[in-house]
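Computed from a predicted structure; not experimentally measured. All ligand and atom numbering here is 1-based and tracks the order in the structure.
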Amino acid sequence: MKVFIALALCVALASAATFQEEGFLSREFQLFEAKFAKKYASVAERQSRYNIFKQNVAKIQQHNLSGKSWTESISQFADMTHEEFVSQRLNGYVNMKKEGLGAAKAQEHIDIAALPESMDWRDKGVVTEVKDQGSCGSCWAFASVESIESYVAINNGSLMELSAQQITSCTPNELQCGGTGGCQGSIPQLGWTYVQLFGLVSEDDWPYQSGGNGASGSCDDSSDMNKAVTVRGYELLPRNDYNAILNHLATVGPLAVAVDASFWGFYGGGVFDGCPYDSNIVINHAVQMVGYGTDPDEGDYWIVRNSWGPSWGEDGYIRLKRNSTPQCGTDSTPLSGTACVNDGNDEQYVCGTCAVLFDVLYPIGATAL
Ligand SMILES: *[C@@H]1O[C@H](CO)[C@@H](O)[C@H](O)[C@H]1NC(C)=O
Ligand SMILES: *[C@@H]1O[C@H](CO)[C@@H](O)[C@H](O)[C@H]1NC(C)=O
């Protein structure tokens, strides 16, 4: 009998939330349009976006009632279907499917117990404000530039905003992947290699513009530009190595990481644990990991900075569930578009929430000029 009552209550709650009054939803949609400066080409387009929005709000409300360790909220993606979100907004990271780019750093023995229980590089003043890549697949350029900003601050004591646009517009697509590079996706390594050769100017000297139009823009990085920083290269951490990542975050600095962000669209706060391990994991996004900690209710987490603006998630950040014995799955996604020259399509073993432990790297020798 008790079970029945509990069940009936759940159903009542769920349906109360699902069948919203039209007036409420229409007001929510107007707020959404204003907040994210949405402009639709026609009345019909607006109506179809509104219909998708209503379905998303119902899903978000149902999620919020499910008692999971994270909440969802209406984000800038609330007028897109899941398929549109994944194909249009998560097209910025090209999974190279091989170890070739840079050798993993050999790890000495790490005594995990000796590390601090939490670390947050934001508290050290070496993390810039959250950025917004907009409708350009330049996550890789943001992960690249955010890491340089942090290591210049660690090495030189001055935190500067550097140009994600220069990296987006100028980094060559030397791996010859069909249709990739700039707003069509790449990897942070190529951004660092470009900066090593040509230097990088400040955000003020070359502000980000690709977010509005989704165009990579043209490159003018002539030598008379005021180059603010350079790097000497980059290093990879060993793949799927929890101890190496924890140790690096505790003792060296932030990291650039590649993740499967397919289920991040409406993340609103809390410790996220919503990437399944038993279906194909698709690494499709690059972000910056800036620390770790423990939530009194939800347990251990990684602190991850996204590039979807400060209104998304927890002021632009997401906390990912951190398991000291990480779970793993496989990424067997074939390369999208035309495959890269010399690249295999092998299945990869990827570990951690949303594969966050798989592809982990940082720039070395980041220096103010
Ligand atoms: C979901 O829950 C969060 C946290 O309580 C809240 O901020 C958000 O507005 C909720 N979203 C919806 C659509 O109910
Ligand atoms: C930054 O630090 C490096 C060494 O860590 C030093 O060579 C360089 O001169 C410094 N640059 C500035 C602008 O302070």
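Atom 9 (O) of ligand 1 lies below 4.0 Å from none of the non-hydrogen atoms of the protein. Protein heavy atoms are found less than 4.0 angstrom from atom 2 (O) of ligand 1.
A cation-pi arrangement is not found for Arg49 relative to Phe32, the charged atom failing to lie both closer than 6.0 Å to the ring centre and inside a 45° cone about the ring normal.
For atom 5 (O) of ligand 2, the closest non-hydrogen atom of the protein is Asn155 O, 4.0 Å. Residue, atom and distance of the protein heavy atom nearest to atom 11 (N) of ligand 1 are Asn64 ND2, 3.0 Å. Looking only at heavy atoms of the protein, atom 14 (O) of ligand 2 is closest to Asn156 ND2, 3.1 Å. For atom 7 (O) of ligand 1, the closest heavy atom belonging to the protein is Ser73 CB, 4.8 Å. For atom 4 (C) of ligand 1, the closest non-hydrogen atom of the protein is Thr71 CG2, 3.7 Å.
Ring planes of Trp264 and His285: perpendicular class, angle over 60° (limits at 30 and 60°).
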Could you walk me through whether Tyr194 and Cys170 satisfy the side chain to side chain contact (heavy atoms under 4.5 Å, CB included) test, starting with their C-alpha distance in whole Å, then the side-chain angles of each, then the deciding distance to 0.1 Å, before giving a yes or no? CA-CA 8 Å; Tyr194 165 77; Cys170 294; 3.4 Å; yes
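Near Ile60, meaning under 4.0 Å from any of its heavy atoms, are these atoms of ligand 1: 11 (N), 12 (C), 13 (C).
For Ser216 against Ser169, the heavy-atom pair with the smallest separation is O-OG, 2.6 Å.
For an aromatic pair to be called close, the ring centres must be under 6.0 Å apart, and Phe266 with Trp70 fails this. Close placement of the Phe85 and Trp308 rings is indicated, their centers lying within 6.0 Å of each other.
Between Ala368 and ligand 2, at least one N/O pair is under 3.5 Å apart.
Counting heavy atoms closer than 4.0 Å to ligand 1, residue His63 contributes nothing at all.
In this model, no donor atom of one side chain and acceptor atom of the other lie less than 3.5 Å apart for Asp205 and Ser163.
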